[in-house]
A.B. asks: 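Below is a structure I'd like to ask you about.
Residue numbers start from 1 in every chain, and the chains themselves are labelled A, B, ... in the order their sequence lines are given, proteins ahead of strands.
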Amino acid sequence: MRIYSSLSREVEPLRTLEPGHVRMYVCGMTVYDYCHIGHARAMLTFDVVYRTLLEKGYKVTYVRNHTDVDDKIIARAIENGEEPLVLSERFIAALDEDLARLGLLLPSEQPKVSENIPQIIDLVGALIERGHAYAADGDVYFAVETYEAYGKLSGKRLADLRAGERVDVDSRKRHPGDFALWKAAKPSEVAWQSPWGPGRPGWHIECSAMSMRYLGPGFDIHGGGIDLIFPHHENEIAQSECGTGHHPYARIWMHNGHLTMGETKMSKSIGNVVRIRDILDAVPAEALRLLYLESHYRGPLPYSNDRLTDAIVALDRLYHAKELVEELEAQGSGPALAELLRDQKAEIGEVVELVRGFEARFMAAMDDDFNTAAAITLLHELVRALNRYGNNKKLVKKAHALAAPAARCFALAGRVLGLGGLSSEAWYQQVRQRRLLALGKSEAEVQALVDARLAARAGKDWAAADALRVGLDALGVVLMDGPTGTRWRMKVD
RNA sequence: GGCGAUGUACCCAAGUGGCCAAAGGGGCGGGUUUGCAAAACCCGUAUUCACCGGUUCGAAUCCGGUCGUCGCCUCCA
């Protein structure tokens, strides 16, 4: 398993602190609003990391936090006339729902800032004691000049930071780069009692405190969006390593690239956001997952509706192949795989080879810094071979032995990528329902028209049958006549 | 100004020294199949990897330069 680390700036082997056990912390969300599909990319990236590690047999302790105490939350709560923690609780529930719909596995722990205040206060106290932090008027600041390695993650040097250029420098700071560990509460703000007076944690300290609580002073992987490298992660390293004296804090730093709309990143401050829930109302979660996983997690991800449609089309084809596998499985046993290989038919040999080599090649792609695009290519190759084979009705009757191993390939992709794990019927049903809903049509309504056409066909009244089909086409319904009957589905565009 | 990415076909995208006269998906064109369709499958669609120069027996992949785009340096996944 090789992973690119932003800290070393190279791909390095995963060497866990404890054999067979990966400890991973990922920066979660600041919950003051619904999450958008850019956030979804970050969450999905580390979901796939988690799934891959589990598949490889690691024990994984995966911690992802909810930041529920923060300036923006307070500001929003004041706007709403709502208690900050009530507001954040509401959005945590919404986030949980969105991520569940996206098919994300639950992390081992999901700590909240509000439930880790004592740990934070202890850490701030330790930093003061060790001479890395100082109190000023109820605030506590980290003194960046006391940490010689400051800047090692982001590559920034203190002298280069143009502090004060965009934000006024607080005169209480000893160095413009010093950052708040603890903020004195303004009257009527949420506050906790501390040795420095009532206040709340600064932005970065919570991740240090929560990761240490669940993972210890040093752990294996720390993840988050690329925009967090500076200042968030840089500061997290400084306060953690200075607070415990243990280094390195995290051994591998992973950062996912941004999702972009056109050329610019999606961001709440820019206002070009699309909510997770709105997309998931319109398309199945796997479509979004496929779109994301087709690009490497570290690069930018250009989002567009066209690409989302492309993904649905590709998944339709994938589930067409899976349907064949399901049919073969239902038909029971046939000749053994080895026997199939002796068959001279090229179609069989090819599928057998692909199926047999699938798991090793798939996992090799994932081992290479999570090359999901390469893994998906293998899935596409398998799908094409399966479909080609499925077109040959004579061959299909002979090769039931293929069914179980082919099904295992889909199951593997389902476990690791969250793609291809559904039954074909469940997939088609999802696409149908969402389109039907969008069009305000009912399934029964469509089915009646399909049945009427079927009757016309049975009487070889081609003119009537075609007229009905044209009508259905206008509704966005595509018909597929097969040997076992007529199936239909909704057009995606 | 500093730091960091990135530029591969109509679109998306993998590949970072020889297996590349460059995967895979979408699109488009042609074909098989079909009552006609749809789906599936087959064939085609980059002698070329932003541009210029260099290293090498050999480069999309390494080095130098130029141009373009994006991100961070303030809150941000």
Side-chain angles (χ1 to χ4, degrees), chain A residues 6 9 26-30 35-46 70-72 75 151 154-157 159-168 177 203 223-232 234 255-260 262-270 290-291 294-296 298-304 306-307 309-318 320-321 323-324 347 365 368 371-381 383-393 457 460-463 465-466 469-470 473 477-482 486-489 491:
Chain A
S6 310
R9 285 155 221 255
V26 172
C27 287
M29 300 299 311
T30 299
C35 289
H36 60 64
I37 56 177
H39 301 129
R41 186 190 193 193
M43 300 298 110
L44 179 65
T45 294
F46 294 103
D70 162 272
D71 290 356
K72 286 193 296 286
S154 60
K156 294 181 192 307
R157 284 162 304 204
D160 291 338
L161 297 180
R162 306 175 76 172
E165 177 155 315
R166 299 170 73 174
V167 167
D168 287 340
W203 175 34
I226 195 170
D227 52 340
L228 295 179
I229 289 177
F230 191 90
H232 185 58
E234 193 70 64
H255 291 101
N256 63 276
H258 280 134
L259 178 144
T260 60
E263 300 284 63
T264 46
K265 81 164 184 174
M266 175 170 290
S267 148
K268 277 184 267 202
S269 46
I270 297 172
L290 177 61
L291 163 54
E294 274 175 337
S295 300
H296 189 82
R298 277 192 279 123
L301 177 79
Y303 177 86
S304 72
D306 282 353
R307 292 196 64 191
T309 304
D310 289 354
I312 294 173
V313 170
L315 283 164
D316 268 346
R317 192 178 69 124
L318 183 148
H320 185 270
E323 188 176 17
L324 169 72
E347 285 93 335
D368 180 18
N371 193 339
T372 52
I376 287 168
T377 290
L378 295 170
L379 201 52
H380 284 311
E381 283 176 358
V383 163
R384 183 171 5 95
L386 241 20
N387 280 334
R388 178 192 306 146
Y389 162 75
N391 272 351
N392 190 327
K393 298 306 169 207
R457 287 188 77 220
K460 293 204 190 296
D461 184 353
W462 306 128
D466 287 350
R469 191 180 58 210
V470 170
D473 185 73
V477 177
V478 184
L479 297 165
M480 290 170 288
D481 298 328
T486 291
R487 308 177 20 125
W488 60 274
R489 67 193 203 193
K491 281 191 282 196

A.B. asks: Looking only at atom C1', what distance separates B:rC20 and B:rU48, rounded to whole Å?
C.D. replies: 10 Å
A.B. asks: Output all residues satisfying salt bridge (Lys or Arg N to Asp or Glu O under 4.0 Å) with A:Arg489, sequence neighbours left out; order by chain, then residue number.
C.D. replies: A:Asp316
A.B. asks: In dot-bracket form, 5' to 3', how is RNA chain B paired? Count Watson-Crick and G-U wobble pairs only if both distances fall under 3.5 Å, and write | where the partner sits on another strand.
C.D. replies: ((((((((.[[[..)..(.....]]]((((((.......))))))....[[[[[..)....]]]]])))))))....
A.B. asks: B:rG4, OP1 or OP2 - any side-chain N/O from A:Lys156 closer than 4.0 Å?
C.D. replies: no
A.B. asks: Go through the structure and list residues passing salt bridge (Lys or Arg N to Asp or Glu O under 4.0 Å) with A:Asp473, not counting sequence neighbours.
C.D. replies: A:Lys491
A.B. asks: Pick the C1' atom in B:rA59 and in B:rG18, then give their distance to the nearest Å.
C.D. replies: 10 Å
A.B. asks: In sequence, state the C-alpha distance, the side-chain angles, and the governing distance for A:Asp466 and A:Arg469, and then conclude on side chain to side chain contact (heavy atoms under 4.5 Å, CB included).
C.D. replies: CA-CA 5 Å; A:Asp466 287 350; A:Arg469 191 180 58 210; 3.8 Å; yes
A.B. asks: Could you give the CG-to-C1' distance, from A:Asp70 to B:rC75, as a whole number of Å?
C.D. replies: 8 Å
A.B. asks: Would you please name every residue forming a salt bridge (Lys or Arg N to Asp or Glu O under 4.0 Å) with A:Arg9, sequence neighbours left out?
C.D. replies: none
A.B. asks: Who are the side-chain contact (heavy atoms from CB on, under 4.5 Å) partners of A:His36, not counting sequence neighbours?
C.D. replies: A:His39, A:Met266, A:Lys268, A:Val273
A.B. asks: Below 3.5 Å between N/O atoms, which protein atoms pair up with nucleotides 33-37 of chain B? Just atom names and distances, please.
C.D. replies:
{"residue": "B:rG35", "atom": "N7", "partner": "A:Arg457", "partner atom": "NH2", "Å": "3.3"}
{"residue": "B:rG35", "atom": "O6", "partner": "A:Arg453", "partner atom": "NH2", "Å": "3.3"}
{"residue": "B:rG35", "atom": "O6", "partner": "A:Arg457", "partner atom": "NE", "Å": "3.2"}
{"residue": "B:rG35", "atom": "N1", "partner": "A:Asp466", "partner atom": "OD1", "Å": "3.0"}
{"residue": "B:rG35", "atom": "N2", "partner": "A:Asp466", "partner atom": "OD1", "Å": "3.3"}
{"residue": "B:rG35", "atom": "N2", "partner": "A:Asp466", "partner atom": "OD2", "Å": "2.6"}
{"residue": "B:rC36", "atom": "O2", "partner": "A:Arg469", "partner atom": "NH1", "Å": "2.9"}
{"residue": "B:rC36", "atom": "O2", "partner": "A:Arg469", "partner atom": "NH2", "Å": "2.5"}
{"residue": "B:rC36", "atom": "N3", "partner": "A:Arg469", "partner atom": "NH1", "Å": "2.7"}
{"residue": "B:rC36", "atom": "N4", "partner": "A:Asp481", "partner atom": "OD2", "Å": "3.0"}
{"residue": "B:rA37", "atom": "N6", "partner": "A:Asp481", "partner atom": "O", "Å": "3.2"}
{"residue": "B:rA37", "atom": "N1", "partner": "A:Asp481", "partner atom": "N", "Å": "2.9"}

A.B. asks: Suppose you measure atom C1' in B:rA22 against the same atom in B:rA60; what distance do you get, rounded to whole Å?
C.D. replies: 8 Å
A.B. asks: Using salt bridge (Lys or Arg N to Asp or Glu O under 4.0 Å) as the criterion, list what pairs up with A:Arg41, not counting sequence neighbours.
C.D. replies: none
A.B. asks: Could you run down nucleotides 11-24 of chain B 5' to 3' and tag each one B, S or - for protein heavy-atom contact under 4.0 Å?
C.D. replies: -SSSS-------BS
A.B. asks: Rounded to whole angstroms, how far apart are CG on A:Leu259 and P on B:rC70?
C.D. replies: 16 Å
A.B. asks: For A:His232, check side-chain hydrogen bond (donor to acceptor under 3.5 Å, both in side chains) against everything at least two apart and list the hits.
C.D. replies: A:His204, A:Glu236
A.B. asks: Among residues at least two apart in sequence or on other chains, which ones pass side-chain hydrogen bond (donor to acceptor under 3.5 Å, both in side chains) with A:Ser267?
C.D. replies: A:Ser269
A.B. asks: Can you sort out the partners of A:Ser6 under side-chain hydrogen bond (donor to acceptor under 3.5 Å, both in side chains), two or more places apart, ordered by chain and number?
C.D. replies: A:His255
A.B. asks: For B:rA23 and B:rG65, measure between their P atoms and round to the nearest Å.
C.D. replies: 32 Å
A.B. asks: Just jot down the side-chain hydrogen bond (donor to acceptor under 3.5 Å, both in side chains) partners of A:Thr264, sequence neighbours excluded, or say none.
C.D. replies: none
A.B. asks: Write down the distance separating the C1' atoms in B:rG1 and B:rC57, rounded off to the nearest Å.
C.D. replies: 45 Å
A.B. asks: Does a donor on one side chain sit under 3.5 Å from an acceptor on the other, for A:Asn371 and A:His296?
C.D. replies: no
